[in-house]
Amino acid sequence: MTARQAPGIGSVAGIAAAVRSGEISARSVLQSSLERVADLEADLHCFNAITAEKAMADADAVDRLVGSGLDPGPLAGVPVALKDNLCTEGIPTTCSSRILAGWMPPYDATVVSRLRCAGAVPVGKTNLDEFAMGSSTENSAFGPTRNPWDTTRVPGGSSGGSAAAVASGMVPLAFGSDTGGSIRQPASLCGIVGVKPTYGVVSRYGLIAFASSLDQIGPFAATVADAALGLEVVAGHDPMDSTSLDLPSPQLLASLDDGVSGTRIGIVEDFLSDVSPECREAVVAAGEALAAAGAKVDRVKIPELLLGLPAYYIIAPAEASSNLSRYDGVRYGLRVDGPDAETMNARTRGEGFGPEVKRRIMIGTYALSAGYYDAYYGQAQKARTLVIRAFEAAYRSFDVLLTPTTPSVAFPFGSKVDDPIQMYMCDVCSIPSSLAGHPAVSVPFALSPEGLPVGVQVLAPALGETVMMRVAASLEAAAPRQARGPVTP
Amino acid sequence: MTEYETVVGLEVHCELATATKLFCGCRNAFGEAPNTNICPVCLGLPGSLPVINRRAVELALRIGTALNCTAQRSIFHRKNYFYPDMPKDYQISQYDEPINLGGFLELVDGSRVGIERAHMEEDTGKTTHVGGGGRIREAGYSLVDYNRAGVPLVEIVSRPDISSAAQARAYVDELRSILVATGASDGRMEEGSLRVDANVSVRPAGAAEYGTRCEVKNLNSLRSLERAIGYEVARQIALLESGERVAQETRHWDEGDGRTHALRSKEEANDYRYFPEPDLAPLVPDARLLAAAAEGVGPMPAERRRRLSELLKAGPEPAERRDGSTTDQVVTVVDLGLDELVHGAVTAGADPHLSLARAANEAAANPDAAKLLDPIAFAALLKMESSGQLSATQSKEVLAELMTHGGDPARIAASLGYEQMDTAALDSMVDDVIASNPEEWQRYRAGEEKVAQFLLGKVMRATKGRANGKLVAAAFAARRSV
């Protein structure tokens with residue numbers, strides 16, 4: 001099947017401007033969004049929950065503000081989709097897991113309340129790989145999300161629902177979480193922009209933890225500018241998150257169109273060999289486009305970055321094994337009864353978690369066990385340090401680095417799900433920035449011979465979002481329009 | 001039979017007296033309705049994150065300072081194990097980089113017990129097993145109260161320097177005084193503010209190696225601590241004497257049968273899988289924190305006892321008091337925090353031994369009121385007593401009044417009718433008694449000392465107790481020697 005370019009319901013900035021000026025109502029924007037959801041949801045399964053009624057009330061509240069001459073904020077009336085691992089007060093938050101099915105958080109994640117304060121209208125909770133563990137949404141307990149470019153293929157993951165919702169034009173803006181590539185990889189596979197900010201730039205309060213030292217929330221949008229706007233709204237210090245940086249939100253839009261003249265860009269050679277030809281070619285072409293725009297483009301070898309993947313698959317499961325302990329059937333979520341607390345706990349977890357989550361809990365538990373800690377967790381932390389040092393060295397010569405986002409374009413359902421290592425390899429290019437806590441963005445840049453989108457990834461040092469987004473905007477300007485969503489399946 | 005020596009190390013969990021919990025803004029309060037002081041953070045709800053309570057850090061540093069520890073950069077670890085009253089199924093604690101390292105505690109008898117570390121951690125909730133006599137295996141169901149979950153704790157780990165049950169008791173008693181003195185804790189063992197686990201082992205006297213230790217839990221009072229260690233030592237010696245070995249295990253003290261019982265090995269087979277807590281930044285004791293911590297730490301009880309004893313050496317030793325009781329008085333006064341009062345009184349000219357005695361006995365009967373006593377007024381009263389203006393009984397009465405209502409001791413004495421009789425009135429009273437009791441007076445003159453009491457009594461009766469006994473006795477003595 002072939003996807004058609006679609007207008008979607010408009011840009012984030014366009015909608016907000018029109019709603020703020022009273023030109024259109026938030027209610028009518030929401031209606032278009034919900035109509036598109038109604039048309040496509042059966043095919044795509046982007047959502048675990050669609051909160052139309054609540055959204056309608058929110059949209060009406062925005063319209064009332066405008067009516068009384070007040071400014072609802074920079075995202076006035078913008079329908080947004082939220083990954084279902086972001087806590088939403090009174091709205092089920094499941095992490096696409098049976099163990100949390102039906103659980104209603106009594107509070108909003110900081111990101112969610114900041115979006116509401118900015119006038120955004122949440123329309124629903126999007127599907128993901130269970131507890132954000134996976135690269136295809138096939139690990140969702142509620143069925144996979146399909147890629148709007150080709151519904152026989154995965155949208156990527158774990159934030160596949162959010163990516164597909166933006167890529168199919170249901171919403172102009174969505175949020176996901178990225179632990180090892182869970183925003184960038186589905187953005188790449190769905191032909192949209194996905195940003196993983198510097199660790200600590202966006203509050204994690206209310207994000208259900210997978211791996212706490214790596215998790216970071218970020219936006220999806222069809223364009224770099226819209227993603228930048230979304231990030232500006234949610235970023236900035238939050239006293240509820242001890243790892244939140246004590247800094248104001250970055251100003252990205254102001255210099256987004258300043259170009260890349262003189263910017264030093266390094267193409268990481270180590271990630272060009274083991275990727276598909278279209279992914280390699282997209283990076284090479286992106287380098288040429290940036291050079292043509294005035295950037296200084298060079299090749300760089302950073303072999304330590306290849307240590308990232310194995311280190312990540314120790315550190316992330318280790319933290320996950322601890323973070324997921326609390327799902328014990330005692331206080332909330334699923335409980336499968338037993339004759340004593342221990343049996344109840346074992347049965348609840350046995351029935352509540354899917355196979356990939358169990359695999360990671362077992363790997364992580366093993367890696368932290370007495371007698372194995374040094375050989376696994378300790379060693380992985382050393383590798384993490386090597387990755388950080390290697391980046392430090394590279395950023396002495398370059399302002400940003402350029403890599404493929406993923407080793408391949410969107411793959412068919414079932415092609416990797418039985419081979420965890422193959423699935424884990426999807427993250428090889430995105431993991432190093434996660435380990436270092438650095439920002440990275442995936443920008444749609446080309447179409448594969450089969451007509452599937454190919455993203456390229458721009459990496460920057462910590463707090464390098466401004467230059468990173470500027471480079472991303474230049475790439476976007478050079479990329480063919482057909483390479484990016486929204487599309488109609 | 002071989003001589004054995006006892007080796008004990010204690011782990012004391014102290015709840016910090018903060019207004020709020022360690023990682024959230026919930027109230028840190030004891031005895032409230034179950035599950036009322038809770039929020040997403042202390043319930044460990046998905047997505048919640050801990051934020052450190054600076055006040056708890058200050059108090060932890062204050063404890064470290066009081067225990068002569070070194071404050072250092074520290075990090076939190078997660079201690080992973082499943083238990084229904086632990087909301088996250090891991091406890092945020094400190095592991096190999098604790099906030100306070102190395103120190104010592106000096107006991108009343110001058111002995112020192114080394115402190116390994118004093119680290120911070122969060123408390124768990126509280127489980128009540130319903131039915132089956134409260135034991136988990138037989139219980140029909142269990143109820144969990146999470147009010148206590150996330151309450152800040154400091155765990156103080158001693159070195160295995162304690163060599164008897166009595167010394168263990170003295171250590172906890174002294175530690176408790178310190179925790180209360182620093183304001184870090186209310187020190188209430190009965191409310192669980194202070195919880196003690198004992199690591200007990202025995203070894204042949206003089207042996208270089210430690211014996212196998214058992215950890216004894218459920219020690220809810222100083223008395224159970226002492227009894228449990230005594231029992232455990234005897235049990236281990238009996239095992240060794242009969243050629244058996246002591247198994248390393250956790251044992252539960254049963255106050256009812258006066259024995260320790262091994263817990264099922266499954267209940268203690270834990271690998272806690274400690275790893276650094278990624279949700280919290282390292283704690284660096286910056287200058288501001290250290291200053292705030294130092295502010296609340298005055299001299300510790302051992303030092304205060306020493307100072308008080310020095311003070312007593314300066315004054316004349318009272319003939320009628322034994323040394324032992326003076327030591328007890330020093331301990332009592334320091335324990336109740338009345339040593340400042342004694343120092344103040346002595347500075348204002350009061351007799352050191354008399355100040356100590358009145359503080360340790362009469363003032364100690366109402367320590368809260370005594371702490372508010374003006375040392376100058378206290379000293380004025382004691383000077384009246386020393387000079388004979390007031391009898392001991394009168395002085396105690398005036399002190400009681402002074403503690404309840406305050407005021408000037410001279411005026412209180414006057415209002416109670418204790419004002420000094422002038423010498424002339426006293427003299428004529430003495431002469432009257434001699435005149436009306438010639439027989440007794442002759443016997444007294446002849447050296448029959450017991451008659452002195454009779455004569456004294458006559459004067460006291462005539463003055464309705466207002467006369468100072470010492471002065472009256474002196475008056476009779478003076479007339480006899482003429």
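Everything numeric in this text was worked out from a predicted model, so none of it was measured. In what follows, every chain begins at residue 1, and chains take the letters A, B, ... in the order their sequences are listed.
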**Student:** Determine, using ring centers only, whether Y366(A) and Y376(A) are less than 6.0 Å apart.
**Tutor:**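 So the answer is yes for these two rings.
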
**Student:** Take R117(B) and T70(B) through the side-chain contact (heavy atoms from CB on, under 4.5 Å) test and state the conclusion after the steps.
**Tutor:** CA-CA 9 Å; R117(B) 51 193 277 146; T70(B) 309; over 6 Å; no

**Student:** Give, as side chain, backbone, both or neither, the part of A109(A) having an atom under 4.5 angstrom from any heavy atom of chain B.
**Tutor:**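 Neither part.
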
**Student:** Quick one: what part of F275(B) sits under 4.5 Å from any heavy atom of chain A, side chain, backbone, both or neither?
**Tutor:**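 F275(B) touches chain A through backbone and side-chain heavy atoms alike.
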
**Student:** Y199(A) versus chain B, heavy atoms under 4.5 Å apart: side chain, backbone, both or neither?
**Tutor:**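 Only the side chain of Y199(A) comes within 4.5 Å of chain B.
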
**Student:** Just do the side-chain contact (heavy atoms from CB on, under 4.5 Å) check on K217(B) and W253(B) with the steps written out, would you?
**Tutor:** CA-CA 6 Å; K217(B) 290 183 176 285; W253(B) 168 249; over 6 Å; no

**Student:** Measure distances from D279(B) to the heavy atoms of chain A and classify the residue's part below 4.5 Å as side chain, backbone, both or neither.
**Tutor:**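 Contact with chain A is through both the backbone and side chain of D279(B).
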
**Student:** With a 4.5 angstrom heavy-atom cut-off, is it the side chain or the backbone of P339(A) that approaches chain B, or both, or neither?
**Tutor:**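 Neither part.
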
**Student:** Please state whether the side chain, the backbone, both or neither of Y274(B) comes within less than 4.5 Å of a heavy atom of chain A.
**Tutor:**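 For Y274(B), backbone heavy atoms alone lie under 4.5 Å from chain A.
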
**Student:** Tell me, for P84(B) versus chain A, whether the close heavy atoms (under 4.5 Å) come from the side chain, the backbone, both or neither.
**Tutor:**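 P84(B) touches chain A through backbone and side-chain heavy atoms alike.
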
**Student:** Quick check on N323(A) against chain B: is it the side chain, the backbone, both or neither that has a heavy atom closer than 4.5 Å?
**Tutor:**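 Contact with chain B: backbone and side chain both.
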
**Student:** Looking at L280(B), L43(B), L45(B), V41(B), which one has more heavy-atom pairs under 4.5 Å with chain A than the rest?
**Tutor:**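 Looking at each option in turn, the highest pair count goes to L45(B).
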
**Student:** Short question: side chain of H129(B), backbone of S142(B) - any donor-acceptor pair under 3.5 Å?
**Tutor:**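 The answer is no, because no donor-acceptor pair under 3.5 Å joins these two groups.
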
**Student:** For D241(A), is it the side chain, the backbone, both or neither that has a heavy atom under 4.5 Å from a heavy atom of chain B?
**Tutor:**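 Contact with chain B: backbone and side chain both.
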
**Student:** With chain A as the partner, which of F23(B), Y81(B), Y90(B), F82(B) has the greatest number of non-hydrogen pairs under 4.5 Å?
**Tutor:**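 Ranked by heavy-atom pairs under 4.5 Å with chain A, first place is F82(B).
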
**Student:** Using non-hydrogen atoms and a 4.5 Å limit, figure out which bit of Y373(A) sits close to chain B: side chain, backbone, both or neither.
**Tutor:**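 Interface part for Y373(A): side chain.
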
**Student:** Heavy-atom distances under 4.5 Å only: say whether T365(A) touches chain B with side chain, backbone, both or neither.
**Tutor:**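 T365(A) touches chain B through backbone and side-chain heavy atoms alike.
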
